[in-house]
Amino acid sequence: MPESSALTLDSVSVLLVWTAIAVYALAFIAYAVDLARRGAVAVDAKDAAAQAVRARELALAGGGRGSESIDAVRAQEKKSEAALNAPIGSRERLVWARIGTSLTVLAFLFHLGGDVTRGIAAGRVPWSNMYEFALTGTLLVVAVYLGVLFRYDLRFLGTFITGLVVMLLGGTAIWFYTEIVPLMDPLKSVWLVIHVFVASLATALFALAFGLSVLQLMQARRERKTLALARATAEGADAAALASARKTGPGFLKTLPGTDALESLAYRFAILGFIFWTFTLIAGSIWANDAWGRYWGFDTKEVWTFVIWVLYAGYIHARATRGWRGSRSAWLSIIGFTAVIFNFTIVNMFFKGLHAYSGLS
Amino acid sequence: MSRRPSDESTGESSGSGDAASDPLRPADHADSPAGPVPGDSRGEASDITQPRLGFVEWLRWGWRQLTSMRTALVLLLLLAIAAVPGSLVPQRSADPNGVTQYFANNPDLAPILENLSMFDVYTSPWFSAIYILLFISLVGCVIPRTRHHWKALRAKPPRTPARLSRLDVHRAETLELDHESDAAAAAESAIEAAEQQLKKAGYRVERYDARGTLSVSAERGYLRETGNLVFHASLVGVLLAVGIGGGFTHTGQTVIIEGRTWVNTLLDYTSFNPGRFVDEDALTPYALTLDRFDVTYQPSGVQGAGQAGNFVANLTTQLAGEDPQTGEVRVNHPLDMAGDRIYLMGNGYAPTLTIRNADGDVVFSESVPFLPQDTNMTSLGVVKVPDGLDEQMGLVGFFYPTQAPLSTGAFASSYPALINPVVSLDVYVGDLGIDGGTPRSVYTLDTSEMEKLAGRGTDVESIELAPGETADLPGGRGTITFENDAPAGATGYDGSVKRYVSLSVHRDTAATWVLVFAALATAGLLAALFVPRRRMWVKATPQGGTVQLEYAGLARGEDPTLDAAVEQFATRHLDGLRLAETRQPVSTPDVD
Ligand code: HEM
């Protein structure tokens, strides 16, 4: 925290950032309520639907109350996919999700204000030390999320996005706050503007892909369990086995698109992110060639940028490899994003290297 | 939403041009038709139906393993994992001092890691093995695909499937003819319009007319496969440019003190690392003179006080046989000299010291570069006087641009600019160890054969001098002067001590090639990931007073916009037809 109590531009920035964190936290709660309610609604809807299809289902799978046929799951997923692609005007009225999104927009405005005032106070782009990278990086995560909402109804990712941002931004504001100091010479370069910005953009896209991949895995588990349950019911398994098979994961999954839809959406964000990451890698090399006299030297940060690039190349390959498409490739997307976060936090703080620009001591 | 091109559903077995226009994928590609897969137990089983595999079969089997998607994937993941240790353990290439330090701190562990090449991860046998295998696999994968794609680029789009309704996207429409016109003619013009429209949209088209049914088959997005191949081939290009280019690269370091001139010859470098194919005697002759080194420091009392910035080495440059010119080297802005790039790597103070013997003869007079030890430029330096005194003399000590006492009683610099410059030297006499021909660093003093005359641990205090001051050497051996280098009329200590820069001179002609291949790879990647590859068919069947129109699309690979594309196409096509229908009744076509 700045020590002077005078209202400098930088302290305004800090104030705005903390306000943003608080509002993001509220948005997180609203989104969480939304997910909980989706679960409840899904159960109600299923009960109603169950009345109608009871006869058919009984005949088909011998399923009783509480068991879904895989057909019913698929039908629900089709509906959810349509909802995912629904244009803004004709989306489902999810009150809590709306509140969550409105709060996220509000928080985003505070966040943007905090970022811009920091930039003005410093007289340069606000991504020149770890505190500032985090400020701008998380801002881009939210910007990309809100931007994507125009095209896809991804509000079910709201808890993940706001949760992630509260954690990163909160941690940043507490631990990484750095006073404004003049830019170090190596950072005075257009490549700072390009390289770091593009890296943050890629990170934002990878974050969305990560969230979708996690949901994809949860959904895959649910589909598997539902199938097993239908089979067990048909075979007349005992009550205990049925009860355990019935635990298919959180209820809101029933309102989400199917694994295939989640996967192909995750893939789309990941390939966009991959392009930006490729750019980051190349721009970084050009900069390194100007600043350090070589375009590549396996400096720690370079190593991790490379590792992340290769992991996502692996993910893209996996999606095209028989036996790897689906859950296995989703794990690679998850590992890839874990590496991104690791690179941003642990590598910046604890690894020795030429990229000593975190501004932390 | 999600689109799996499913070969079963296309019903194209009759399409002669089909197999040819499909990209050739490794057998275990997710889009390859299901069948024996190398590495798959089913696949092996079918290979091993023969009683025994001959040598050639084994080779072929091994090659197919190596060029399978799965192998590529595993090797990619291995590459990612194998790169990690190099960020955990200091690497000789990037941080040689870190390695030395690591050996000192972990005497037990370090030799074990050394045996595993952990300090040279990126040139280690295991890391090399992974990427070499990966690139063999890559080449083995790309060459047959390129050959195949070359043919595909000239093949016709596949025959129209019999039942379009089984495809991913399908739309059927009935065109009602308000006139008693010829349905066949209407169908003909509908297909012709479709053909034109598809062509305009960048599709390659082919008419397939059967009895009673007219159709056009179209395909687009060959660029996707082209992009994929360009991307993978460019990766090979990057690797080769890096590998071969390294042989033509040289880097060298040098130090220039203000007012001095450095010449680009091997002799003038403090260190020189040539690539394998570099001719060390053929360096371009040019000279650099350091006129002035500028730097600004944040004034004390503000945030980041003492932080240095705006480093500029102002040079006079001269190519052999040409007029001198001025040049600048700044951080992020290397100077281009005859294809070499000159980088500013560091800077420091070089106090000018003059030593006279007891008779008053000058035995040493030089500006000595002191190495900065901290951000306030507390700098360490060594003076060696081999001749002119009774015994060889060595002086070692610190230069403080702004001397200030520490709480321990020792001194340090409290600010990097020349506010209170002081040099403080310990004095040794004896054998400097430089006569034996063993190269010695100019920055270290080997005192094992020397006796300490002044400084901690002796009765005599270290010599302390400000610019312009002179002191006696211990034991009446003579005097030492710290010359004031300030130009006439300078105030305070401004300019009283010369500065030096350390420069790094690089020549890496291959870097451009690396960049070219990287840019090509990126362009290829964009095409491979975002150009949709798809087929589209339009079929028209005259039926009484109507024409039955069918539109169908099939994705070849990831294609999230297929639905919309077919929908849009059909709508535009129908609109066009209806417009033509109302404007001019379809007449019997001219037959020539
Ligand atoms: C240096 C190692 C490699 C890297 C970094 C790499 C990277 C990539 C990337 C980023 C893509 C997605 C873009 C595109 O579709 O063009 C891709 C696709 C592809 N790669 Fe590689 N690759 C490597 C090696 C290989 C090898 C050895 C093979 C052969 C087995 C291969 C076969 C393919 C195929 C068939 C695709 C198309 C996937 C699809 O249909 O979507 N790659 N590769």
_Between A:Ser189, A:Gly297, A:Gly323, A:Ala339, who has the most heavy-atom pairs with chain B when the cutoff is under 4.5 Å?_
A:Ser189
_Under 4.5 Å from any heavy atom of chain B - which part of A:Trp309_ = side chain
*Of B:Leu344, B:Val312, B:Val329, which meets side-chain contact (heavy atoms from CB on, under 4.5 Å) against B:Phe293?*
B:Leu344
_Can you tell me which portion of B:Tyr343 sits under 4.5 Å from chain A's heavy atoms? Options are side chain, backbone, both or neither._
side chain
*asked:* Using heavy-atom distances under 4.5 Å, tell me whether A:Trp304 contacts chain B through its side chain, its backbone, both, or neither.
replied: side chain
*asked:* In terms of relative ring orientation, are A:Tyr315 and A:Tyr267 parallel, tilted or perpendicular, with 30° and 60° separating the classes?
replied: tilted
_Side chain, backbone, both or neither of A:Ile286 within contact of chain B (heavy atoms, under 4.5 Å)_ = side chain
*Are B:Arg92 and B:Asp120 close enough for a salt bridge, meaning some N to O gap below 4.0 Å?*
yes
*chain A: which of B:Leu75, B:Val514, B:Val121 shares the most heavy-atom pairs with it under 4.5 Å?*
B:Val514
*Under a 4.5 Å heavy-atom cutoff, which of B:Leu88, B:Thr251, B:Leu77, B:Thr249 has the most pairs with chain A?*
B:Leu77
*Where at least one partner belongs to residues 505-525 of chain B, residue pairs that pass salt bridge (Lys or Arg N to Asp or Glu O under 4.0 Å), sequence neighbours excluded*: B:Asp340-B:Arg507
*Portion of B:Ile342 that has a non-hydrogen atom of chain A nearer than 4.5 angstrom*: neither
*Considering only heavy atoms, which portion of A:Ile282 lies under 4.5 Å from any heavy atom of chain B: side chain, backbone, both, or neither?*
side chain
*Using a cut-off of under 4.5 Å for heavy-atom pairs, which of A:Leu272, A:Asp290, A:Leu281, A:Ile180 has the most such pairs with chain B?*
A:Asp290
_Can you confirm whether more than 12 heavy atoms, excluding those of A:Phe279, are under 6.0 Å from its CZ atom?_
no
Sequence neighbours excluded and cut-off under 3.5 Å, please list the side-chain donor-acceptor pairs for residues 117-124 of chain A, or say none.
{"unit_1": "A:Thr117", "atom_1": "OG1", "unit_2": "A:Gly113", "atom_2": "O", "d": "2.7"}
{"unit_1": "A:Thr117", "atom_1": "OG1", "unit_2": "A:Gly114", "atom_2": "O", "d": "3.0"}
{"unit_1": "A:Arg118", "atom_1": "NE", "unit_2": "A:Glu132", "atom_2": "OE2", "d": "2.8"}
{"unit_1": "A:Arg118", "atom_1": "NH1", "unit_2": "A:Asp10", "atom_2": "OD1", "d": "3.2"}
{"unit_1": "A:Arg118", "atom_1": "NH1", "unit_2": "A:Thr178", "atom_2": "O", "d": "3.1"}
{"unit_1": "A:Arg118", "atom_1": "NH2", "unit_2": "A:Glu132", "atom_2": "OE2", "d": "2.9"}
{"unit_1": "A:Arg118", "atom_1": "NH2", "unit_2": "A:Thr178", "atom_2": "O", "d": "2.9"}
{"unit_1": "A:Arg124", "atom_1": "NH1", "unit_2": "A:Ser128", "atom_2": "OG", "d": "3.4"}
{"unit_1": "A:Arg124", "atom_1": "NH1", "unit_2": "A:Glu132", "atom_2": "OE1", "d": "2.8"}
{"unit_1": "A:Arg124", "atom_1": "NH1", "unit_2": "A:Glu132", "atom_2": "OE2", "d": "3.2"}
{"unit_1": "A:Arg124", "atom_1": "NH2", "unit_2": "A:Val181", "atom_2": "O", "d": "3.1"}

*Does the ring of A:Trp324 carry A:Arg328 above it, NZ/CZ under 6.0 angstrom from centre and within 45° of its axis?*
yes
_chain A contacts, top residue of B:Leu76, B:Asn332, B:Val331 (heavy-atom pairs, under 4.5 Å)_ = B:Asn332
_What verdict does the side-chain hydrogen bond (donor to acceptor under 3.5 Å, both in side chains) test give for A:Asp299 and A:Trp292, after you've listed the backbone C-alpha separation in whole Å, the side-chain angles of each residue and the deciding distance to 0.1 Å?_
CA-CA 11 Å; A:Asp299 175 60; A:Trp292 299 328; over 6 Å; no
*Side chain, backbone, both or neither: which part of A:Thr278 has an atom under 4.5 Å from a heavy atom of chain B?*
side chain
*What part of B:Leu78 gets closer than 4.5 Å to chain A, counting heavy atoms only: side chain, backbone, both or neither?*
neither
*Could you tell me how the ring of A:Phe298 sits relative to the ring of A:Phe306: parallel (under 30°), tilted (30 to 60°) or perpendicular (over 60°)?*
perpendicular
